[in-house]
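Comments concern the structure below.
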Number of protein chains: 2
Amino acid sequence: MSTPPELPHPPADSLSLSQVLFALSDPARREIARNLREGPLEAAACSAVTADVPKSTKSHILKVLRESGVIRNEPNPNGRGRLLTLRRDDIEARFPGLIDPILDADLRES
Amino acid sequence: MSTPPELPHPPADSLSLSQVLFALSDPARREIARNLREGPLEAAACSAVTADVPKSTKSHILKVLRESGVIRNEPNPNGRGRLLTLRRDDIEARFPGLIDPILDADLRES
DNA sequence: GTGGAGGTTCGACAATTTTCGAACCAATCG
DNA sequence: CGATTGGTTCGAAAATTGTCGAACCTCCAC
């Protein structure tokens, strides 16, 4: 019956700044967001997290990003696995100018 | 001899994005930063935190902000108590465009 | 169907963060 | 000199986060 893993996402107009900043305050989570800048990716293809971390941990990382509204995580329409999308427009609409400086900054982070 | 409560501050060129974002991911801490936008303030005059919170707690809040490099906390040159300053230029130099959207956003935060 | 591969959830435990009282410190005012 | 004001530091206890194995689910491929 019900298409199962349809995970909950916060609506675009109720994103919380605290949650977004918190989610992006972690390098690993930020790296994923940065991976999605050029477009959606299959979860399995996310570098740096593809790394040597147990899948339950990876799943938790994605959960924080999803629940904060930073990414969307949905079943891959055409293909297997899940598709991750940066919710750039939603974030930009609610917190104009916020997302780019954050993702740009990592390029020169120590 | 040494003027005592000279608290340590991270140098401008070594601010960590993770630490800055984390510090600003908390509404109370963000509110203080916002209070300092128009210029330095005596610590005792910080609204919202002047609120009903024990001083040790308030001091801890300031510590997180200071150690992340968001604010400077120094003895008040002319006057009693301490002077808080937003390290706007330092943050801007290291993470261009980051600070304003964050502080602006609170105006419309739920 | 059976067997992965890909992924979520749950529970437990470790690690970090928060909160707050108590002790302490420095400067100012009587 | 006290005493008061404004503030930091230190524990310790509470709350939140992070990590990871085990169990489970689901879509393919065979």
So, taking the atom named [atom1] in [X] and the one named [atom2] in [Y], what distance separates them when rounded to the nearest 0.5 Å?
X	Y	atom1	atom2	result
A:Asp90	A:Ile99	CG	CD1	11.0 Å
A:His9	A:Thr85	NE2	OG1	8.0 Å
A:Leu7	A:Arg82	CG	CZ	4.5 Å
A:Leu86	A:Leu103	CG	CG	6.5 Å

Taking [X] for its side chain and [Y] for its backbone only, find out whether a donor-acceptor pair lies under 3.5 Å.
X	Y	result
B:Arg29	B:Leu24	no
B:Arg88	B:Asp100	no
A:Ser59	A:Lys55	no

- Item | Rounded (10°) bend between the five-pair end axes of the helix from C:dG1-D:dC30 to C:dG30-D:dC1 |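 The end axes of the helix from C:dG1-D:dC30 to C:dG30-D:dC1 are about 10° apart, to the nearest 10°.
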- Item | B:Arg80, CZ atom: more than 12 neighbouring heavy atoms under 6.0 Å |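 Counting other residues, nucleotides and ligands, CZ of B:Arg80 stays at 12 neighbours or fewer.
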- With B:Ser25, the side-chain contact (heavy atoms from CB on, under 4.5 Å) member among A:Leu17, A:Val20, A:Leu21: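 Running side-chain contact (heavy atoms from CB on, under 4.5 Å) over A:Leu17, A:Val20, A:Leu21 with B:Ser25 returns exactly one hit, A:Leu21.
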- Give B:Asn73 one of three labels, base, sugar-phosphate or nothing, depending on what nucleic acid heavy atoms sit under 4.0 Å from its own. sugar-phosphate
Could you give the [atom1]-to-[atom2] distance, from [X] to [N], as a whole number of Å?
X	N	atom1	atom2	result
A:Lys63	D:dT17	NZ	P	11 Å
A:Gln19	D:dT16	CD	C1'	13 Å
B:Arg80	D:dA3	CZ	P	21 Å
B:Leu65	D:dG7	CG	C1'	16 Å
A:Leu84	C:dG7	CG	C1'	11 Å
A:Lys58	C:dT8	NZ	P	9 Å
B:Ile32	D:dG7	CD1	P	11 Å
B:Leu7	D:dT9	CG	C1'	11 Å

I'd like a list of close polar pairs between nucleotides 17-22 of chain C and the protein, N/O only, cut-off under 3.5 Å.
unit_1 : atom_1 : unit_2  : atom_2 : d
C:dT18 : OP1    : B:Arg29 : NH1    : 3.1
C:dG21 : N7     : B:Ser56 : OG     : 3.0
C:dG21 : O6     : B:Ser56 : OG     : 3.2

- Report yes if some heavy atom in the side chain of B:Pro10 is under 4.5 Å from a heavy atom in the side chain of B:Glu67; otherwise report no.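 B:Pro10 vs B:Glu67: side chains apart.
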- Looking only at non-hydrogen atoms, find the nearest pair between B:Ser18 and A:Arg30 and report the distance.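 Reported closest heavy-atom pair: OG-NH2, 3.0 Å.
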Just the table, please: protein N/O against nucleotides 12-14 of chain D N/O, every pair under 3.5 Å.
none

